[in-house]
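Numbered from 1 within each chain, the chains take letters A, B, ... in sequence-line order.
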Amino acid sequence: MTLAVPTSLDDAVRLLDEHPDAMLLAGGTDAMVEINDGHRRPASLVIALNRVSDLRSWRHDADAGTVTIGAGITYTELMEPPLATLLPALAEASRTVGSPQIRNAGTLGGNLGTCSPAGDGLPVLSALDAKVRIVSADGERDASIHDVMLGVKRTSLEPNELIAEITLPVRSGWQGYAKVGVRNAMVIAVASACLAVDETNQSVAIALGSVGPTVIRCTEAEQHLASAVDWDTGVVDHDAIGRVGELVSAASSPITDHRSTAEYRRHAVGVLARRLARRAFTINGVAA
Amino acid sequence: MRASDLDDWTTGTALDLVGSSVDRVDAVDKVTGRARYTADVQLPGQLTGVIVRSPIPHGRVVSIDTASALGVEGVVDVLTADDIDEISWYEDDAPLLPGIVRYVGDEVALVVAETRSDAERGVGALSVEYEPMEFLTHPDDVERPGAPELLGNESADEVEEDGRGDVDEAFDDAHIVVEGTFRTPVAIHNSLEPHGAVADWVGDSITLYTSTQGVNDVREQMGERLGLNHNQVRVVSEFVGGGFGAKQVAWKPTMLAALASKRTGRPVWVMNDRSGENVAAGKRNGTEHTVRIAADPDGRLLAIDADVRADRGAYAVKGEASAVSGPYLHLYQCARVRTRVRRVRTNTGPAVAFRAPGYVESTFVLESLMDELAGELDIDPIELRRRNHSSRNQQEDLEWSQPEGLLRSYERVAEVARWDETDDRDETDGEDEHDGLLHGRGFAAHDWLAASAMPPGHAGVEFNFDGSVHVSTSAQDIGTGTRTVLAQVVADELGVDISSVRLSLGDTSTGPPAPTSAGSTTVPTMAPAVRAAAAAAVDDLLDAAAEHHGVERSSLSFDGTHVKSSAAAFEDQPLGDLLSDLSPRVVHGWGGRETIAEDVSPRAQGSAVAEVSVDPLTGEVRVTSITVAPDCGRILNRRLADSQVIGGVTQGIGFALTEEQVVDHRLGVVVNPDLNEYLLPTVSDTCTIRHAALDIPDLRANPLGTKGIGELPLIAVPAAIANAVRDATGIRLHELPITRRRLLEAIASSEALDHESGDHR
C-alpha cells in the first residue's frame with residue numbers, strides 16, 4: 001500500500017485520474033472503521049486529502065446569500081461561529097456526530113463521499129438543496145445534492161472525481177436537526193431529521209436520515225406545513241403539526257436491523273419531525 | 001504474625017492515612033504510560049502470535065493447510081492440534097485446539113511471526129476446511145422438545161436445587177402472590193486490556209507475563225498442564241487493565257504463547273484483539289427467571305420460588321460463572337425458599353464470572369417483584385424491605401457479621417437521595433401532554449457474599465538498611481487501587497511516611513502466596529496480611545534492638561522514626577542508625593490472613609436509588625441520578641472507594657439500558673463483537689453518581705473491618721433503574737436492557753390494552 005499526501009487540489013485530482021481505483025482518505029472516520037472490521041482492504045494507493053489546503057477553507061458570499069464549504073472542513077469547525085451562525089442546522093447536526101476526536105477528524109466532504117444513509121450532515125444538505133462542486137482531470141461540474149446521493153453508500157461520482165466544495169444558502173428562518181440513536185453519544189442515528197424554514201419564499205424543507213437507502217425529502221409534509229403556517233405571525237395549528245408527523249412517517253422507508261426495527265424508525269422519525277416543527281413555529285391550540 | 005493477633009485498630013490508634021483519600025501511589029506511572037501492562041512487554045527477539053478462530057458455530061475441522069501460511073514472509077511457525085501435545089482445557093477437558101469447534105470464535109490455530117502484520121497476513125493465507133454441523137445458539141432452541149443433543153447437554157437432569165421450607169404450601173393460602181418471567185442479556189466485561197500473555201521459555205522454566213486476576217492460580221494451572229513444578233513457572237502481572245471476573249484463570253492465549261515460545265525458542269506475545277476478546281474470553285451469562293413471591297397483607301414474605309435458566313455457552317470455565325440463587329436465598333427474611341437452576345449449553349462463547357456474577361441478574365428480578373409487591377400493597381418500597389430484613393444467613397443459621405448493615409444502608413441511601421421528601425417527579429413536564437418527559441424514581445436492595453470463602457493470603461515487610469520499607473506479596477492490583485491501599489495500611493501500622501513504602505506485587509517469584517483478586521476479597525484478605533507483616537517487622541526490629549543494646553525488650557517501642565525505651569539510660573535512636581548497627585542482620589516480618597471465623601457469615605449488602613426521565617414517544621431513558629450505599633465495612637481510601645462506585649454504577653447503567661451481545665441465530669454469529677456496536681455507556685449516558693458512604697468497620701468479618709467494595713455498587717443499579725422506569729411510565733419491563741425500541745413497544749402494547757378495555761385515562 002502506498003500513501004500519497006498531495007498538498008494541492010490539482011495534484012490530488014491528477015493522482016486520482018492516474019489511479020481511479022485509489023482510496024480517498026479524508027478524516028478516516030468511516031474508512032478506518034471498515035478497515036479495522038475487515039470489511040475493506042486499503043487499495044494499493046491511498047490518497048490522503050487532509051493536507052490539500054484548497055479543501056480546507058470556506059467563504060461567505062453575502063451578495064449571493066451563500067456559504068461555500070471546502071470538503072475538508074471538519075464537524076468541529078462547523079459547530080463553531082461564524083459557520084454555526086450562518087448554518088445553524090448543520091452545526092446542530094455536527095454536534096451529534098461521534099465524540100470530540102471524531103468531530104475533529106471527520107469532514108463534510110467525507111460524509112457525503114461515504115453517503116451512508118445515517119450520515120448526520122446529509123439531511124441538512126438535502127433540506128438546504130446544496131450544490132456540490134465536483135472536480136476531476138476533465139474539469140469541474142456542479143451538481144445538485146439530490147443528484148449526488150443515489151443509495152446506500154452510493155453516489156453519482158465517477159471514479160476519477162472528487163468532491164471539492166459544497167454551497168449552501170443562508171436562509172432567513174429557523175432550521176434545526178434532531179436524531180435518535182441507541183445511546184446518548186458515539187452513536188449512529190437510528191432515525192434523524194432536518195427541518196429548515198425559508199421565510200423569504202414561505203416554504204419549509206424536511207429531510208430524513210437513516211429511514212431509507214439514502215436521505216429522503218418529504219414533499220407532502222413540507223407543503224402541508226408551509227400551507228398551514230400563518231407566515232405573518234409564524235403561528236401554526238397544533239393539528240397540522242400532528243399531520244406533519246404522520247406524513248413524515250409515511251414518507252419513510254426504513255429497514256429492521258440489529259440496531260432497531262422498521263416500526264420504531266418510522267414512528268421515531270415522525271416524532272422528530274413534529275418536534276422540529278414545534279421548535280420552528282408558534283403552536284396554536286396546545287392542550288394545557 | 002497472624003492477622004487475628006492484631007487489635008481492631010479502632011481505639012487509641014492514630015490513623016493518618018487509612019480512611020483518607022491518599023493519591024494512587026502509581027498514578028503518575030499510569031498517566032505517563034510508564035506502568036508496564038502485559039501488551040507493553042517487549043523482550044529481545046520477541047515474536048507475535050495471532051489466533052485463528054472458527055468462523056462456524058459447530059463443526060469438524062477437516063484439515064488445516066499450513067504451508068501457504070508458512071510461506072508468508074515473516075511467518076515463523078503455525079500451531080495446530082497436530083503440532084502440539086494433547087493438552088485439555090476448560091472444565092470439560094476439551095482439547096486446547098479442538099477437532100470439533102463449538103462456537104464462532106473457538107480457537108483453531110496460532111500463527112507466529114516476526115510482526116503482528118506478518119502474522120495477520122499468515123492468518124489470511126491459512127486455509128482451514130470445516131465440515132459444518134448442526135448448531136443451537138439460543139437456549140430456547142436447546143430446550144425445545146426434540147432438540148438434538150449437541151454439547152453433552154444434560155440440562156433436564158442437571159437442575160441445582162436449594163432452599164428451605166415447604167414452598168408450594170405457602171402459595172396455596174397466601175394473601176398476595178406476585179410473579180413473572182424475566183430475561184437478562186449476555187453482557188461483555190470489556191476490560192480496557194484484553195486477555196493475553198508474553199511467554200518466555202528459557203531452559204526448563206518459563207516466565208509468563210500475563211494480564212490476570214490471579215498469578216498464583218495461573219502458575220498452578222500452567223504448571224500442571226505443562227508438567228512443571230511451581231518453581232519452574234514464574235507469572236508476572238504487574239499492572240492489569242481490568243478483569244471484572246474474566247481473568248481469574250489462565251486462558252488459551254497464555255497456553256498458546258507458552259507452547260509457541262517452547263517451539264520457537266523465542267519469547268512470544270499473544271493478545272486477543274477486541275473481537276476475539278468479545279467472543280472468546282468470557283461473558284455474563286444470559287438468564288431467564290420465572291419467579292413468584294408470596295406475602296401477607298403487611299408485605300412480609302411468606303415464600304420465594306425461583307426457577308432460573310442460565311446459558312453457560314459452549315464450555316464450562318473454572319470458577320463460579322453465575323451464583324443466581326444467592327439473592328433469592330439470602331436477601332430477605334423468608335421461611336420458605338426454593339431455587340432451581342438449570343445451566344444450558346449453547347454454541348456460543350463460554351460464560352464466566354462478571355462482577356457479582358448471578359447477583360446482578362437475580363437482583364433485577366427479585367427487586368422488580370418486590371417493587372410490584374410494594375405497589376400492590378401500597379407500601380413504601382424501602383419500608384417494605386425493612387419489614388423483610390434478615391439479620392442472619394438462614395441457609396447456614398449463622399448471624400451476618402454485620403446484622404444491621406443493610407438497615408443502615410436503607411437509612412443512608414434514603415437520606416442522600418432525599419427519598420422521603422415529597423416529590424412531584426411523577427408529573428409530566430414539557431410543552432403538551434404528548435411531548436413531555438416522564439419522571440420516576442426507583443429503589444432496590446442487594447446482597448453480597450463479602451469474601452466468605454477466601455483463601456489465606458501472605459505478605460512480607462522488610463526494613464531496608466536505610467530505613468525505607470519493602471512490602472512483598474504476589475497479590476496483584478487489577479486496577480482497583482490495591483497497591484495504594486496496602487501502602488496506606490503498612491505506613492500507618494509502622495507510623496512511617498507513605499513515600500518510604502514500596503510494594504512488589506503481582507509476581508510469583510518475589511512475593512509469598514496470595515489469593516486471586518475476585519469476589520471483592522483482595523483488600524479484606526491482603527490488608528490484614530500486610531498489617532500483620534508490618535507488626536511482625538516491628539517486633540523483629542525491637543527484638544534486635546533489645547539484644548543489640550542489652551535492654552529489656554518490653555521497655556522498647558518504635559514511633560516510625562526512632563526506637564525509644566522507657567529505660568532511663570536509653571537515648572532515642574533513629575531507625576536508620578539502628579539498622580546500620582544491626583547490619584547484616586535483616587529486619588523483617590511475615591504476616592498472614594487466615595480463613596475467617598466460622599461463627600458468623602460475612603456479608604456486604606447495600607441499596608440503590610435511581611432517578612430517570614423517560615421520553616414516552618421515543619423510548620429514550622435518561623438516568624438523572626444514582627445513589628448507592630454499599631456496606632463495604634471500613635473505608636480505607638474514600639477516593640478509591642468512590643472510583644469503584646463510579647465504575648460499578650456506570651456498568652449498571654449499561655446493563656440496564658444499552659449493553660447486550662446480539663447473536664444472529666440463523667448463522668450463529670455475534671453481530672456486535674466490537675465497541676462500535678456493543679453499546680457501553682458513554683459519559684453522556686451516565687449521570688450524577690452519589691456514594692452514600694457508610695464506613696462501618698465490620699470487625700467480625702476481619703480485624704481491619706473492611707469488606708471490599710468492587711462488586712457492591714453495581715448489583716442493585718439495574719433493578720433500581722428498571723423500577724424507576726416503572727414509576728415514570730407505569731410499564732414493567734421484564735427484559736434487559738431497556739432499549740428505546742423495547743420500551744416503546746411496551747408502551748404501545750399497554751396503550752392498546754387500555755384502548756381495548758375502554759380505559760382512556
Max heavy-atom pairs within cutoff under 4.5 Å with chain B, candidates A:Val187, A:Asn36, A:Val182, goes to A:Val182
Highest number of heavy-atom pairs under 4.5 Å with chain B among A:Ser99, A:Gly181, A:Ala191, A:Gly242 belongs to A:Gly181
State whether a side-chain donor-acceptor pair under 3.5 Å links B:Glu277 with B:Asn272. yes
Cut-off 4.5 Å, heavy atoms of chain B, and the answer for A:Ala268 is neither
Counting N and O atoms only, with roles assigned by atom type, does the side chain of A:Gln223 sit under 3.5 Å from a partner on the main chain of A:Glu220, one being a donor and the other an acceptor?
-> no
Turns out that what part of B:Leu675 lies under 4.5 Å from chain A's heavy atoms comes down to backbone
Cut-off 4.5 Å, heavy atoms of chain A, and the answer for B:Arg622 is side chain
ask   = Is there a donor-acceptor contact under 3.5 Å linking the side chains of B:Ser54 and B:Asp106?
value = no
Okay, B:Glu660 and chain A: the region with an atom under 4.5 Å from a heavy atom over there is neither
Original post:
Going by atom types only, do B:Asn278 and B:Tyr678 share a side-chain donor-acceptor pair under 3.5 Å?
Top reply: no
When every non-hydrogen atom of A:Ala189 is compared with those of A:Ser210, the smallest separation belongs to O-OG, 2.9 Å
Cut-off 4.5 Å, heavy atoms of chain A, and the answer for B:Asp674 is side chain
When the 4.5 angstrom heavy-atom criterion is applied to A:Arg265 and chain B, the contacting part is neither
Any cation-pi pair here, B:Arg284 with B:Phe655, using under 6.0 Å and within 45°?
-> yes
Chain B shares the most heavy-atom pairs under 4.5 Å, among A:Leu272, A:Thr261, A:Val33, with A:Thr261
